[in-house]
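Okay, so here's the structure we're looking at.
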Amino acid sequence: MLLLSYIKENQDTVVKGLEKRHFPEPEKTISKVLLLDEERRSTQQENDESLHEMNTLSKQIGQLMREGKRDEAEAVKAKTTELKSKTKDLGDSLSRIQLELENLLLTIPNIPNEEVPAGKGEEDNDVVFQHGKAPELHDGARPHWELIKEYDIIDFDLGIKITGAGFPVYKGAGARLQRSMINFFLDEARRAGYTEIQPPIVINEASGRGTGQLPDKDGQMYHINEENFYLIPTAEVPITNLYRDVILSEDELPVMNVGFTPCFRREAGSWGAHVRGLNRLHQFDKVEIVRIEKPENSADILKEMCQYVQGLLEKLELPYRVLNLCAGDLGFTSSQTFDMEVYSAAQDKWLEVSSVSNFRTFQSNRLKLRYRSSADQKPELLHTLNGSALALPRIIAAILENNQTPDGIRIPSVLVPYTGFEMITNQD
RNA sequence: AGAGGAGUGGCAGAGUGGUCGAAUGCGGCGGUCUUGAAAACCGUUGUACCGCGAGGUACCGGGGGUUCGAAUCCCUCCUCCUCUGCCA
């Protein structure tokens with residue numbers, strides 16, 4: 001959620017930012033916000049005055065009662081009747097206006113920062129970096145959804161039997177590869193200074209609102225009716241919400257957390273013919289890095305996090321490219337996002353495996369996540385950032401496809417100490 | 001899941017209808033003393049909103065209600081503790 005004070009002081013920037021995102025009728029929305037805010041302030045002033053008067057009279061009554069001046073007290077009481085209903089009305093309008101303002105603010109996405117390219121959709125994203133080259137595959141090389149059958153390492157049909165489409169079962173070497181990658185990613189993050197967190201993978205409504213999944217992505221999360229809980233779409237949600245309603249001291253910064261969790265996404269309406277195999281799932285594993293930084297550092301930290309993720313891809317020997325997402329393709333809560341895509345040779349396709357974002361104060365404003373730079377300073381909102389490091393299924397898809405040989409699938413050497421095998425073959 | 005108890009400031013803990021944003025202790029910050037530190041003593045110490053300011057308003061787990069007036073009474077939800085039951 002954007003800061004109201006920011007909107008007030010930077011109307012032009014906000015309107016231009018929303019235009020860049022192709023947000024409909026930005027000017028109209030912003031003037032509505034400002035109008036509601038004005039209404040809120042004047043109503044609050046009236047309300048406060050009215051409450052003040054009530055408080056004063058009530059104290060008088062108490063005083064008179066104590067002095068035994070019953071009749072005088074009753075006289076003052078009579079005066080409060082009218083005031084009371086006025087106060088009630090004012091209070092009602094105030095909360096109605098506040099709710100309307102809050103709901104309107106919740107529909108406004110984050111403002112893209114200056115480095116974000118203009119554009120409408122994914123075709124306008126900027127490729128800012130590219131590394132590695134496509135492997136030369138042997139004749140008869142196949143996409144991963146065929147390879148997993150041949151080597152019997154991932155079974156979609158069994159997943160359909162147990163749950164439904166998009167919930168694969170990992171078997172044998174497939175399960176071990178998956179577990180190895182989780183450990184590898186967590187160990188790498190730990191070496192880079194991140195603290196490992198194992199959060200709940202079920203969250204309440206307040207957490208969903210805190211990081212901005214609610215109300216924006218309500219239909220995209222699995223919901224548990226009895227408890228009004230949601231299955232997490234990413235570890236970002238529980239890990240960032242650890243800091244909801246928290247005022248950190250300066251020496252607690254920066255916060256660098258990493259967590260592995262399964263992630264659940266309904267992906268309602270987003271399935272197409274091109275989405276096959278591991279490319280899109282309802283449940284998948286992901287290691288997520290989450291950082292909380294002082295505002296002045298967040299821009300540099302975003303780049304640092306990208307470097308970190310790129311390092312992982314290089315260690316896995318995967319060809320990849322980095323996209324600076326254009327304003328139209330930016331997530332609702334993000335001010336800038338870099339996507340990492342690996343090249344999948346057998347599909348001749350780029351697969352998104354990481355998304356690294358700076359939310360600036362958009363999340364911390366909802367979370368009320370602040371820090372105090374010194375004892376006599378007012379608390380200041382922090383910046384939150386996060387990134388996948390990494391999401392597993394598409395990495396597995398890329399490894400299977402890029403590393404296939406007539407004799408089996410070669411495991412990247414950095415993973416071999418974790419898997420305990422160098423090749424996936426039919427003998428496993 | 002059933003029965004009982006409890007949720008108050010960074011922490012501990014008093015307060016059961018009026019001058020309570022809230023005693024007291026601890027902790028934190030500033031100072032006096034000291035070469036320095038400790039001890040002792042003095043002062044200070046929540047957040048948000050409105051207001052140029054003086055100042056005002058709200059917040060005692062969340063929400064609603066009773067009352068001129070609620071931390072205090074009522075309803076409801078949440079959380080924690082104890083016992084019983086169940087169970088990785």
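Letters A, B, ... mirror the listed sequences (proteins, then strands); counts begin at 1. Remember, predicted model here, so these are calculated numbers, not experimental data.
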Pairs satisfying ring pair (Phe, Tyr, Trp, His ring centres under 6.0 Å), at least one member in residues 292-311 of chain A, at least two apart: A:Tyr194-A:Tyr308

Ring pair (Phe, Tyr, Trp, His ring centres under 6.0 Å) against A:Phe167, all qualifying residues, sequence neighbours excluded: A:His282

Could you go through residues 96-107 of chain A and list every donor-acceptor pair under 3.5 Å that involves a side-chain atom there, pairing it with any protein atom two or more places apart or in another chain?
{"residue": "A:Glu100", "atom": "OE2", "partner": "A:Lys32", "partner atom": "NZ", "Å": "3.4"}
{"residue": "A:Asn103", "atom": "ND2", "partner": "A:Leu99", "partner atom": "O", "Å": "3.4"}
{"residue": "A:Thr107", "atom": "OG1", "partner": "A:Leu104", "partner atom": "O", "Å": "2.6"}

Contacts of type side chain to side chain contact (heavy atoms under 4.5 Å, CB included), residue A:Glu49, not counting sequence neighbours: none

All N/O contacts under 3.5 Å from nucleotides 16-20 of chain B to the protein, with atom names and distances to one decimal?
{"residue": "B:rG18", "atom": "O2'", "partner": "A:Arg66", "partner atom": "NH1", "Å": "3.2"}
{"residue": "B:rG18", "atom": "N2", "partner": "A:Ser58", "partner atom": "O", "Å": "2.7"}
{"residue": "B:rU19", "atom": "O4", "partner": "A:Arg66", "partner atom": "NE", "Å": "2.5"}
{"residue": "B:rU19", "atom": "O4", "partner": "A:Arg66", "partner atom": "NH2", "Å": "3.3"}

Whole-angstrom distance between B:rG28 and B:rA39, as gauged at atom P: 9 Å

Sequence-aligned protein contact record of nucleotides 47-67 of chain B, with B where the base is within under 4.0 Å of a protein heavy atom and S where only the sugar-phosphate is: SSBSS----BSS---------

Dot-bracket notation for RNA chain B, counting Watson-Crick and G-U pairs under 3.5 Å, with | for partners on another strand: ((((((((.[[[..)..(.....]]]((((((.......))))))(((((....))))).[[[[[..)....]]]]])))))))....

Side chain to side chain donor-acceptor pair (under 3.5 Å) partners of residues 384-400 of chain A, not counting sequence neighbours, each pair once: A:Glu236-A:Asn386, A:Gln363-A:Thr384

Rounded P spacing from B:rU19 to B:rG13 in Å: 25 Å

A:Asp339/A:Ser355 under side chain to side chain donor-acceptor pair (under 3.5 Å): CA gap, chis, key distance, verdict: CA-CA 4 Å; A:Asp339 272 8; A:Ser355 201; 2.7 Å; yes

Distance between C1' atoms of B:rG61 and B:rG51 (Å, rounded): 31 Å

Nearest-angstrom distance, C1' atom, B:rG10 to B:rC74: 33 Å

Separation between the P atoms of B:rU57 and B:rG69, rounded to whole Å: 15 Å

Verdict with supporting geometry, A:Gln283 and A:Leu281, side-chain contact (heavy atoms from CB on, under 4.5 Å): CA-CA 5 Å; A:Gln283 178 181 336; A:Leu281 300 170; 5.8 Å; no

With a 3.5 Å cut-off and sequence neighbours excluded, list the donor-acceptor pairs that the side chains of residues 71-84 of chain A form with protein atoms.
{"residue": "A:Thr80", "atom": "OG1", "partner": "A:Lys77", "partner atom": "O", "Å": "2.5"}
{"residue": "A:Thr81", "atom": "OG1", "partner": "A:Ala78", "partner atom": "O", "Å": "3.0"}

Rounded distance in Å between the P positions of B:rG64 and B:rA70: 14 Å

P gap between B:rG9 and B:rG62, integer Å: 10 Å

Which residues share a ring pair (Phe, Tyr, Trp, His ring centres under 6.0 Å) with A:Phe264, sequence neighbours left out: none

Summary of side chain to side chain donor-acceptor pair (under 3.5 Å) pairs that have at least one residue in residues 155-172 of chain A, sequence neighbours excluded: A:Asp152-A:Lys171

Pair listing, side chain to side chain donor-acceptor pair (under 3.5 Å) test, anchored in residues 2-18 of chain A, at least two apart: A:Lys8-A:Asp37

Rounded interatomic separation in angstrom, taking CG from A:Leu64 and C1' from B:rC68: 11 Å

C1'-based separation of B:rC42 from B:rA58 [nearest Å]: 33 Å

